[in-house]
Undergrad: 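Here you go, one structure.
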Number of protein chains: 2
Amino acid sequence: MTTKQARSKRATVHDVALEAGVSRGTVSRYVNGERYVSAAAREAIEAAIEKVGYVPNTAARNLVMQRTQAVGFIVHEPHSLFVEDPNIGEILLGANTRLSEADHQMAVLIVDTERDTDRVARYLSGGLVDGVIIVSARADDPVTRVVERLQLPAAYVGHPPGAAGSASFVVIDNVGAASSITRRLVETGRRRIGMIAAALDRDSGADRLTGFREALGDAFDESLVEPVPLYSYSAGRDGMRRLLERAPDLDGVFAASDAVAAGAIEAIKETGRSVPDDIGVVGFDDSAWALRTTPALSTVRQPAAGLGAEAARLVLARLRGDEPAAEVRLDCDIVWRGSA
Amino acid sequence: MTTKQARSKRATVHDVALEAGVSRGTVSRYVNGERYVSAAAREAIEAAIEKVGYVPNTAARNLVMQRTQAVGFIVHEPHSLFVEDPNIGEILLGANTRLSEADHQMAVLIVDTERDTDRVARYLSGGLVDGVIIVSARADDPVTRVVERLQLPAAYVGHPPGAAGSASFVVIDNVGAASSITRRLVETGRRRIGMIAAALDRDSGADRLTGFREALGDAFDESLVEPVPLYSYSAGRDGMRRLLERAPDLDGVFAASDAVAAGAIEAIKETGRSVPDDIGVVGFDDSAWALRTTPALSTVRQPAAGLGAEAARLVLARLRGDEPAAEVRLDCDIVWRGSA
DNA sequence: TGGCATTCTGTGTACGTTCACAGAAATTGG
DNA sequence: CCAATTTCTGTGAACGTACACAGAATGCCA
């Protein structure tokens, strides 16, 4: 009952005005730190606020101000992200830091089940946030549709889906990173290098293949590229089996993701070969897989905090109305472990 | 400028009413799915909504309804949680699932820097959420103070700080889990078992020692307990060094956390001993440390999703006004790996 | 046809702010 | 000491919704 009383009794600016013997306007001016409030009024108001325990109602303020100083951070596919991918935490922190500097509140919204989808869409369309950062967006998602329909200022981490034409986004330089790590592989003396190329229908997949090709230049051999549909362990294992059958003299392989690489290592060991002595393997993502394999994977680490920070910067820019829409491409680091 | 237009033009319930040739009240009734709206009105309204692109303004609704159907999920110390501790993701998902079932929106708020603290406190006090779930709360935190002052319905994951007397919270059964894993160690044949007891000033630390003592019963030897201040790697390493000097015949050790255990393993190896052949080591938390050590740690896994779900349940109960305040204690699993 | 319940609709007010505006009080200057 | 500023204050509107209430339309039955 104490709770109930406390909640219904929430003091308003009106109560403060009454207590202090001034008007609502004056209290409002004091609270917002404006000029033109006399010393006498100031003191009276301070005392009154303390006495009645006043805290401003942000919902009411948002309503009249038509902005919230908040941006949503939407996370799709949370299971794979939070459990498998250590990057999401750093992306969150990077974004939060940047938003915090601009005095904006970040609210992370998780889209897991079907129900979440509609609820989050309502939340966004309800004017509770000024803008939104989105990771792993899907084209057919109600959330994405709402964002487009309302033209909510948005920044995507990764490529925006489908026809989100004029959206800002930040991606890693897949081409450059794939090229770098392939060159590292060459530098270790590998001569017959193949690639398990996953998800070629996605930009990330296609770009990693492009980088691989660029790095090898004339030495590139089409027949050493094994396309697989998904970034998965089993796809990597099966693809590697086929590749080894076709090219038994392989001495290096670039897997399009760590999961794929883990599968590839499994397939290599099946044939009695050793990693890295017979075949050097490199992956991509520096996900949880990278430390689970034996030996640990050499792989590409995404600048996770940077992705978050840049996404935040982009959405803030759109909020201010500067810069119409932009895309940012970030470089990656390479972490060299035992697998190559 | 398109953006600007779209944002200022947001259609209201009034626009829909005008377009459909009915009144605000009727539109409101339709939107909220109430009875008493004629077929003719229904059709006209549906067409009008489609035409003007109306979406309800949640902020306005929240203001008049005096509730938001949203609960905040506050994460303190995000660096250590998101980077080191894989549990936080599952806690989030567990909570989200439960809240989603009750048709509540979860908004994760990260408290990292000093600035975040005040901003989040304002956010919470502004009536933007009905309740709140808090992990790693601190007593001196403005956020905690606001929650107490406003008597905001809250549920803590872990013990609530200081004088948060009447708060709900969910904790793991530290005593039981420590006791279980110690017994497992005994069952493997260890006879001289020590403990690196960290953070005895915290409930978690004290409880883990209690469990350890319980499990050993008469065999408990006070001199084999080495207290260290923090749950850290270096504390574990230093503590283990002292313990080994005092009791060179040790054949098992229970470290109060995985980080402590990792440090202990380091110290053991320094002396030329082997893990697990000479000394079996077990940890607590199943954090990222557990897979980094060689051999991998046997440890206690927290029921992370359960913690989140229970916290959500508790806060929902307080929201409804049922159950005044409750504490829940959850059992843990043990994962047995190579270190013991 | 009249009475009465039922279904439907419109209007006014409230939620707790901010802001524009008008006007009062205090201050300045010639 | 009066006019012209500057500082201060109160009032009324608006933000976009929900809800209570009154009243209109319809259906039903005697």
Side-chain angles (χ1 to χ4, degrees), chain A residues 7-45 48-49 52-70 122-130 150, chain B residues 7-46 48-49 52-70 122-123 125-130 150:
Chain A
R7 298 202 70 202
S8 59
K9 281 244 177 196
R10 292 253 313 205
T12 80
V13 74
H14 203 115
D15 300 325
V16 175
L18 229 60
E19 179 69 30
V22 296
S23 74
R24 301 185 336 264
T26 307
V27 176
S28 176
R29 274 184 288 270
Y30 168 80
V31 171
N32 295 11
E34 288 176 29
R35 327 161 36 188
Y36 300 151
V37 31
S38 66
R42 194 185 315 274
E43 279 174 35
I45 291 171
I49 285 181
V52 304
Y54 169 72
V55 289
N57 182 315
T58 314
R61 165 180 291 172
N62 289 348
L63 182 58
V64 60
M65 301 277 280
Q66 300 287 74
R67 65 168 180 195
T68 62
Q69 298 273 90
R122 279 206 312 272
Y123 191 91
L124 294 181
S125 56
L128 268 35
V129 295
D130 294 336
L150 299 181
Chain B
R7 297 200 71 204
S8 58
K9 281 240 176 199
R10 291 255 311 204
T12 80
V13 74
H14 203 115
D15 300 323
V16 175
L18 229 57
E19 179 69 29
V22 297
S23 73
R24 302 186 335 263
T26 307
V27 176
S28 176
R29 273 185 288 270
Y30 168 80
V31 171
N32 293 9
E34 288 176 26
R35 330 162 34 189
Y36 300 151
V37 30
S38 66
R42 192 185 316 273
E43 281 174 34
I45 292 172
E46 276 166 359
I49 286 181
V52 302
Y54 168 72
V55 289
N57 183 314
T58 315
R61 165 179 292 173
N62 289 349
L63 180 59
V64 59
M65 300 279 281
Q66 301 287 73
R67 65 171 179 193
T68 63
Q69 298 274 92
R122 278 207 312 272
Y123 191 91
S125 55
L128 267 34
V129 294
D130 294 336
L150 298 181

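Order of the sequence lines fixes the chain letters, A, B, ..., with proteins taken first and strands second; residue numbering starts at 1 for each chain. Computed from a predicted model, the values in this text were never measured in an experiment.
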Undergrad: Would you say N62(A) places a side-chain N or O within less than 4.0 Å of OP1 or OP2 belonging to dT17(C)?
TA: no
Undergrad: Does a nitrogen or oxygen in the side chain of R10(B) sit under 4.0 Å from OP1 or OP2 of dG16(D)?
TA: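 Answer no for this pair, as no side-chain N or O of R10(B) is under 4.0 Å from OP1 or OP2.
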Undergrad: Hey, which of these two, Y36(B) or V22(B), hits DNA chain C nearer its 5' end, going by closest nucleotide?
TA: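 It is Y36(B) whose nearest nucleotide is closer to the 5' end.
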Undergrad: With sugar-phosphate meaning primed atoms plus P, OP1 and OP2, does R29(A) contact a base, only sugar-phosphate, or nothing at under 4.0 Å between heavy atoms?
TA: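 Base contact.
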Undergrad: What heavy-atom pair brings H14(B) and R24(B) nearest, and what distance separates the two atoms?
TA: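 Nearest heavy atoms, H14(B) then R24(B): ND1-CD, 3.6 Å.
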Undergrad: Does the base of dT11(D) carry an N or O that pairs as donor and acceptor with the side chain of R24(A) under 3.5 Å?
TA: no
Undergrad: Just N and O in the side chain of S38(B): are any of them under 4.0 Å from OP1 or OP2 of dT9(C)?
TA: yes
Undergrad: Of A60(B) and V37(B), whose nearest nucleotide on DNA chain C comes first from the 5' end?
TA: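 Result of the comparison: V37(B).
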Undergrad: Kindly point out which of dT17(D), dT9(D), dC15(D) is positioned nearest to the side chain of T26(A)?
TA: dT9(D)
Undergrad: Scan A41(A) against the nucleic acid and name what it touches under 4.0 Å (heavy atoms): base, sugar-phosphate only, or nothing.
TA: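 Answer is sugar-phosphate: A41(A) comes under 4.0 Å of backbone atoms only.
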Undergrad: Roughly how far apart are L128(A) CG and T68(A) OG1, rounded to 0.5 Å?
TA: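 Going from CG on L128(A) over to OG1 on T68(A), the span is 7.5 Å.
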Undergrad: Hey, does the side chain of Q66(B) come within less than 4.0 Å of dG16(C)'s phosphate (OP1/OP2), counting only N and O?
TA: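 True: Q66(B) side-chain N/O within range (under 4.0 Å) of dG16(C) OP1/OP2.
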Undergrad: Which is true for Y30(B) with a 4.0 Å heavy-atom rule: it touches a base, it touches only sugar-phosphate, or it touches nothing?
TA: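 Result for Y30(B) = nothing.
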Undergrad: With DNA chain D as reference, determine whether V64(A) or M65(B) sits nearer its 5' end, using the nearest nucleotide of each.
TA: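 In this pair, the answer is V64(A).
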Undergrad: May I ask you to say what V31(A) touches in the nucleic acid, namely base, sugar-phosphate or nothing, with a heavy-atom cut-off under 4.0 Å?
TA: nothing
